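Worth saying up front: this structure is predicted, and the values here are computed from it rather than measured. Convention: sequence-line order gives letters A, B, ...; per-chain numbering from 1.
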There are 2 protein chains.
Amino acid sequence: MGSKNLDIVTKALAEKGLKITHQRIVVYQAIIATDKHPTAEQIYDLLKEQNPSISLATVYKTLETFVENRLVNKVSTPQGTMRYDARTDNHNHIYISNTNEILDYEDEELKGILMNYLEKKQFENFNITDFKLQIKGEKINPKKGINIS
Amino acid sequence: MGSKNLDIVTKALAEKGLKITHQRIVVYQAIIATDKHPTAEQIYDLLKEQNPSISLATVYKTLETFVENRLVNKVSTPQGTMRYDARTDNHNHIYISNTNEILDYEDEELKGILMNYLEKKQFENFNITDFKLQIKGEKINPKKGINIS
DNA sequence: GTAGCTGCAAACGATTTGCAGTGTT
DNA sequence: AACACTGCAAATCGTTTGCAGCTAC
């Protein structure tokens with residue numbers, strides 16, 4: 001498990017000029033290890049098993065620091081709570097309302113279509129920093145996954 | 001001003017089987033009168049001038065009732081606060097981060113492109129209820145408006 | 001050594017709730 | 001008259017903050 005991973009993590013922190021603390025390492029490892037877009041509290045719950053002394057406030061502060069340094073993304077949900085995402089590139093989200101899941105959805109064709117569309121449009125006095133398609137819906141069978149083809 | 005409007009409002013409430021109360025009427029009028037995607041508190045502040053006895057909790061409850069009855073939409077923002085929108089049809093949003101504004105953005109061409117794209121894709125075990133493009137960016141001159149062409 | 005980080009507890013802002021009283025049907 | 005709706009205050013939830021002690025650099 002850890003050490004190859006650890007190199008990546010410490011390097012990422014160092015590149016941003018952040019102090020390499022135990023808490024930052026474990027929080028960062030936790031986020032990059034999942035694609036489930038966890039809340040701060042979910043990360044805290046996960047970590048405190050192995051790190052009983054970590055505090056929820058530190059998890060929040062750490063995540064906020066990561067967001068400022070563009071190591072993670074913060075996304076708002078239809079429920080009003082924030083979730084964190086280790087992917088910082090432009091990608092789309094699928095909100096599954098009956099299971100409360102968020103799925104990443106990336107498709108080069110879609111990206112091309114949207115970029116092409118937005119470039120064609122003239123936005124006067126506006127600088128686009130980011131765009132994404134948000135797809136909302138529900139699983140027909142909540143126990144099963146979704147297949148896209 | 002009011003009475004033509006009032007008919008529409010009371011009719012909308014009646015169609016949903018909701019009791020026609022003064023509070024519901026003024027809340028609904030307030031939302032349909034703006035395209036600014038106000039928060040519950042902003043609606044409350046606006047209304048209490050003319051309706052000093054209205055309570056913030058009632059505004060929240062009323063809005064929630066409207067959302068359940070699909071009279072208004074609730075949208076989450078990057079700041080984590082909820083905003084309400086009288087438009088319940090599918091449309092896109094532009095988030096302006098330096099002024100904290102939300103603009104509706106509708107374009108038939110874009111709608112066509114997206115619907116066409118999504119229809120072509122097969123989502124197995126998933127029912128799409130809604131989709132929208134979220135465009136984030138900032139105004140170059142915050143005092144001025146945005147023109148799209 | 002010192003600036004920056006952590007943990008705790010308290011504070012906060014947005015939203016929800018319980019309940020007694022009021023209004024609509 | 002019955003039931004749903006309102007207003008108030010208190011409760012709750014997610015998140016932030018202040019500060020004293022600790023740690024990486």
Side-chain angles (χ1 to χ4, degrees), chain A residues 6 9-28 30 37-48 50-69 71-84 100 102, chain B residues 6 9-28 30 37-48 50-69 71-84 100 102:
Chain A
L6 188 65
V9 170
T10 54
K11 196 174 164 209
L13 296 175
E15 269 171 12
K16 300 294 182 174
L18 297 172
K19 287 197 173 162
I20 319 277
T21 68
H22 181 63
Q23 291 86 335
R24 284 178 177 169
I25 292 168
V26 294
V27 170
Y28 194 59
H37 308 77
T39 63
E41 204 140 3
Q42 285 165 345
I43 293 169
Y44 169 68
D45 286 341
L46 192 74
L47 293 178
K48 72 178 173 197
Q50 307 292 326
N51 311 268
S53 79
I54 202 169
S55 93
L56 178 57
T58 297
V59 173
Y60 272 107
K61 285 174 192 165
T62 303
L63 289 168
E64 201 50 41
T65 303
F66 289 170
V67 171
E68 284 161 13
N69 286 278
L71 290 170
V72 313
N73 255 345
K74 196 185 193 178
V75 322
S76 66
T77 63
Q79 296 78 43
T81 53
M82 293 297 187
R83 303 236 213 151
Y84 295 86
N100 211 21
I102 299 176
Chain B
L6 189 66
V9 170
T10 54
K11 196 172 164 209
L13 296 175
E15 269 171 10
K16 301 294 182 174
L18 298 172
K19 288 197 174 161
I20 319 278
T21 69
H22 181 64
Q23 291 86 336
R24 284 178 177 169
I25 291 168
V26 293
V27 170
Y28 194 60
H37 309 78
T39 63
E41 204 140 2
Q42 284 165 345
I43 293 169
Y44 169 68
D45 286 341
L46 192 73
L47 293 178
K48 72 177 172 197
Q50 307 292 326
N51 311 269
S53 79
I54 202 169
S55 95
L56 178 57
T58 297
V59 174
Y60 272 106
K61 285 175 194 165
T62 303
L63 288 168
E64 202 50 42
T65 304
F66 289 169
V67 170
E68 284 160 14
N69 286 279
L71 289 171
V72 313
N73 255 345
K74 195 186 193 176
V75 322
S76 67
T77 63
Q79 297 77 42
T81 53
M82 293 297 189
R83 303 236 213 152
Y84 296 86
N100 212 23
I102 300 175

Do the side-chain N or O atoms of Thr58(B) get closer than 4.0 angstrom to the phosphate oxygens (OP1, OP2) of dG7(D)? yes
Between Tyr84(A) and Thr39(A), which heavy-atom pair has the shortest distance, and what is it? CD1-C, 4.4 Å
Winner on side-chain proximity to Ser55(A), out of dC8(C), dG7(D), dT6(D), is dC8(C)
Pairwise side chain to side chain donor-acceptor pair (under 3.5 Å) hits with a residue in residues 10-26 of chain B, at least two apart: His22(B)-Asn51(B)
Verify whether one side chain among Thr62(B) and Thr65(B) offers a donor that lies under 3.5 Å from an acceptor in the other. no
Rounded to whole angstroms, how far apart are OH on Tyr44(B) and P on dA14(C)? 14 Å
Taking only heavy atoms on the protein side, list every residue of residues 74-83 of chain A lying under 4.0 Å from any atom of DNA chain C, sorted numerically. none
I need the CD1-P distance between Ile25(A) and dC5(C), as an integer number of Å. 13 Å
N/O (side chain, Thr21(A)) to phosphate O (OP1/OP2, dT6(C)) under 4.0 Å: yes
Starting at CG of Leu56(A) and ending at C1' of dT16(D), how long is that distance when rounded to a whole Å? 11 Å
Give the rounded distance in Å between these two atoms: CG of Leu47(A) and P of dT6(C). 12 Å
For the side chain of Tyr60(A), starting at C-beta, report the closest nucleotide among dA9(C), dT15(D), dC5(D). dT15(D)
dG23(C), OP1 or OP2 - any side-chain N/O from Gln23(B) closer than 4.0 Å? no
Toward the 5' end of DNA chain D, by each residue's nearest nucleotide, Ile54(B) or Lys19(B): Lys19(B)
Ignoring hydrogens and angles, are the base of dG4(C) and the side chain of Lys61(A) linked by a donor-acceptor pair under 3.5 Å? no
Quick check for you: to the nearest 0.5 Å, what is the distance between Leu56(A) atom CG and Ile54(A) atom CD1? 9.5 Å
Look at the side-chain N and O atoms of Thr39(A) and state whether any lies under 4.0 Å from the OP1 or OP2 oxygen of dG14(D). no
